[in-house]
Amino acid sequence: MNHIENSFQNRAKSSPTADTARHLMFDDLEKLGRILVHTGDIAHGFVQGADDMDVICRDFSAFDPSRPLPQKGRGTLDTLRAVQDEILPLLAASIGPRYLGFVTGGTTPAALVGDWLASAIDQNATGPEGSVNAAVEEQVINWLCEIANLPVPQFDGVLTTGATVSNLLGLVAGRQWCGEKVGVDIDADGAGALPDLELFAASPHASMIKDLSITGIGRNNFTKVATHPRSEQTDIADLKAKLAASDARGKIVIASAGTVNATDFDDLNAIADLCMTYGAWLHVDAAFGMFAALDDRRAHLLAGLERADSITSDAHKWLNVPYDCGIFLTRHIDVLEKSCRAFAPYLDTKAEGNMYINRGVENSRRFRALPLWVSMQAYGRDGFAGIVRSNCDQAADLAAWVKSHDKLDLLRDPILNVTMFTGIGSDDDNRALLDRINATGEVFLTPTIYGGRFGFRAAFSNWRTQNHDLIIIKQAIEAVL
Ligand SMILES: Cc1ncc(COP(=O)(O)O)c(C=O)c1O
């Protein structure tokens, strides 16, 4: 028994109820090795089994969310049995190879290990005070810039909870920059001090619309730019006309590098030229498209990305680290830090390094850099390039099969990793078809509307998807047509 436990036992005599509970924790601490090995076995079984389990769970009514909190605990080993009985059988195999919904990355073995360690060591990744965690985050941000061919001294950034928050930071920093250009300090005086801020966007992701609400700009308060016909790509002539017609003192252009449906890439150089001419901040949402840089057949799609003022990306999508891990990169880290700084005497430090607390929404932060660092070390640039290339090939393969099928229609040739297709029937027929496909348990697709038609998205973003999975996916679809 160590001295902490000993002194706890002495205190225990005065408060028996709390003591019993605390004892369970000390018991668990003594058994921790066994508990972790057992947890590892359970996790291993789930991860390995994800190839064979139903891809989504369609009925989790067996789980009762209204059950009251137990008064007495049962210890971790016994609770692990409850996890196995009550929760694991009701999960989606979203880490598995045929979960093609949304843009859901899997988890590489190294990222899983890094994530577990991040929990075990439980650093509060606010900054450099007393821990190397901030330096690790700095290194990871540099590596991400390298991947995206962004000049490291010019770009800096922060890991966020996801692309939604990264888009939020783009708006916050962009708005502050716009204000400073005309002598308005939005950080100090609020958004109302620059009422004539105008945003321009052709195909903003749903998360950006949400962020417009959160920032107080307003969901509807942006100038919709036209797209090219049957595309989600910004129409440059229309953007130019709208920027030229604007007399707003602050302008932000939101561009896309990989839209969520068609995976369209904007002409970033043309947009950057317009932003220079009209004094606008350029934010690029590259939530998964940034990793096209890893595929030499597609890297050109990102030409001009280095001219963006801010960039959104995600590691929990195509870099296959566990949720959550978003990426925000900017050429104006000072502006971001001004908007997000958290100042109080107790937060002050003399330690050298980046204060990540001043670069985002949260003060207390998970050590998100660790899973990325471990996975990037373990597999290197080539490892991630392999994921991107094979997922793009898989999207193209599925598209070719759809094209050749007389009961299916391809909605767009995939540019990247998403195949959009539908059945030849009505929208209602196709809604029912999607339900039947997902009910097979072999594959999971999510819905979309494209070119006015209801369709399905198959988003390939998992390192585990292989050619034999494509065979299973095609057979599953064929069986319910
Ligand atoms: C282009 C784009 N931007 C933003 C997001 C939002 O990402 P997150 O769910 O990580 O916040 C997504 C999610 O699919 C996306 O595809």
Side-chain angles (χ1 to χ4, degrees), residues 92 94 99-107 111 144 148 157-172 174 199 201-215 219 222 227 231-234 253-266 268 271 282-293 298 301-302 305 308 310-329 360-362 366 368 371-372 388 391-392 395 412 414-420 444-450 456-462:
S94 47
Y99 187 99
L100 308 182
F102 315 102
V103 188
T104 305
T107 295
L144 290 165
V158 62
L159 299 177
T160 65
T161 52
T164 304
V165 167
S166 300
N167 278 336
L168 181 76
L169 298 186
L171 290 180
V172 167
L199 282 99
S203 301
H205 185 264
S207 59
M208 184 56 94
I209 305 295
K210 172 173 164 172
D211 291 335
L212 289 176
S213 165
I214 294 170
T215 47
R219 282 176 191 271
F222 73 97
T227 54
S231 147
E232 292 171 340
Q233 197 185 39
T234 302
V253 174
I254 295 155
S256 296
T259 54
V260 74
N261 278 322
T263 64
D264 276 323
F265 286 72
D266 282 332
L268 297 178
I271 294 180
L282 171 56
H283 176 78
V284 180
D285 184 345
F288 55 102
M290 189 170 94
F291 302 106
R298 293 179 170 82
L301 295 168
L302 289 161
L305 184 67
S310 56
I311 300 168
T312 282
S313 195
D314 250 335
H316 58 216
K317 292 189 166 69
W318 231 353
L319 283 191
N320 281 241
V321 303
Y323 292 104
D324 47 29
C325 189
I327 300 161
F328 179 73
L329 303 171
V361 176
E362 301 89 4
R366 180 175 173 72
R368 265 183 210 109
L372 259 178
V388 169
N391 286 161
C392 290
R412 254 293 288 278
I415 295 173
L416 210 59
N417 58 333
V418 181
T419 310
M420 283 194 300
F444 177 61
L445 309 177
T446 39
T448 192
I449 308 269
Y450 191 78
F456 329 135
R457 291 172 65 260
F460 293 86
S461 354
N462 193 313

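Ligands are counted one by one from 1 in listed order, and the atoms in each one are counted from 1 as well. Side-chain atoms are counted along with the backbone in the values below, which use heavy atoms only and exclude waters and symmetry mates.
Inclusion of T164 in the set of residues having an N or O under 3.5 Å from an N or O of ligand 1 is warranted.
Using 4.0 Å as the threshold, K317 has a heavy atom nearer than that to some atom of ligand 1.
Considering V418, L416, T419 in turn, T419 is the only one that fulfils the side-chain contact (heavy atoms from CB on, under 4.5 Å) rule with F460. Each of H205, K210, H283 was checked for a side-chain hydrogen bond (donor to acceptor under 3.5 Å, both in side chains) with N167, and the lone residue meeting it is H283. Among T234, L301, L305, the one residue that satisfies the side-chain contact (heavy atoms from CB on, under 4.5 Å) test with L268 is L305.
Residue A163 touches ligand 1 through backbone and side chain together, judged by heavy-atom distances below 4.0 Å. The proximity of D285 to ligand 1, defined as any non-hydrogen pair under 4.0 Å, is limited to the side chain. No part of F102 comes within 4.0 Å of ligand 1, judged by heavy-atom distances.
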Stepwise side-chain contact (heavy atoms from CB on, under 4.5 Å) test for T263 and F288
CA-CA 9 Å; T263 64; F288 55 102; 3.7 Å; yes
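Atoms of ligand 1 lying under 4.0 Å from at least one heavy atom of V260, given by number and element, are 14 (O), 16 (O). Close contacts of ligand 1 with F288, meaning ligand atoms under 4.0 Å from a residue heavy atom, involve 16 (O). Annotation for ligand 1: atoms under 4.0 Å from non-hydrogen atoms of G162 are 10 (O), 11 (O). Near D314, with a cut-off below 4.0 Å to any heavy atom, the atoms of ligand 1 are 7 (O), 8 (P), 10 (O). Counting atoms of ligand 1 from 1 in the listed order, those under 4.0 Å from a heavy atom of H316 are 10 (O).
Protein heavy atom closest to atom 5 (C) of ligand 1, with residue, atom name and distance, is H205 CE1, 3.2 Å.
For the salt bridge (charged side-chain N to carboxylate O under 4.0 Å, His left out) test, residues two or more places apart in sequence or in another chain that qualify with D314 are K317. Residues satisfying the ring-ring contact (aromatic ring centres under 6.0 Å, His included) criterion with Y323, sequence neighbours excluded, are H316.
With a 4.5 Å cut-off on side-chain heavy atoms, F328 and V165 do not count as touching.
At a cut-off of 3.5 Å, with distance as the only test, a side-chain donor of E232 or T259 sits close to an acceptor on the other residue.
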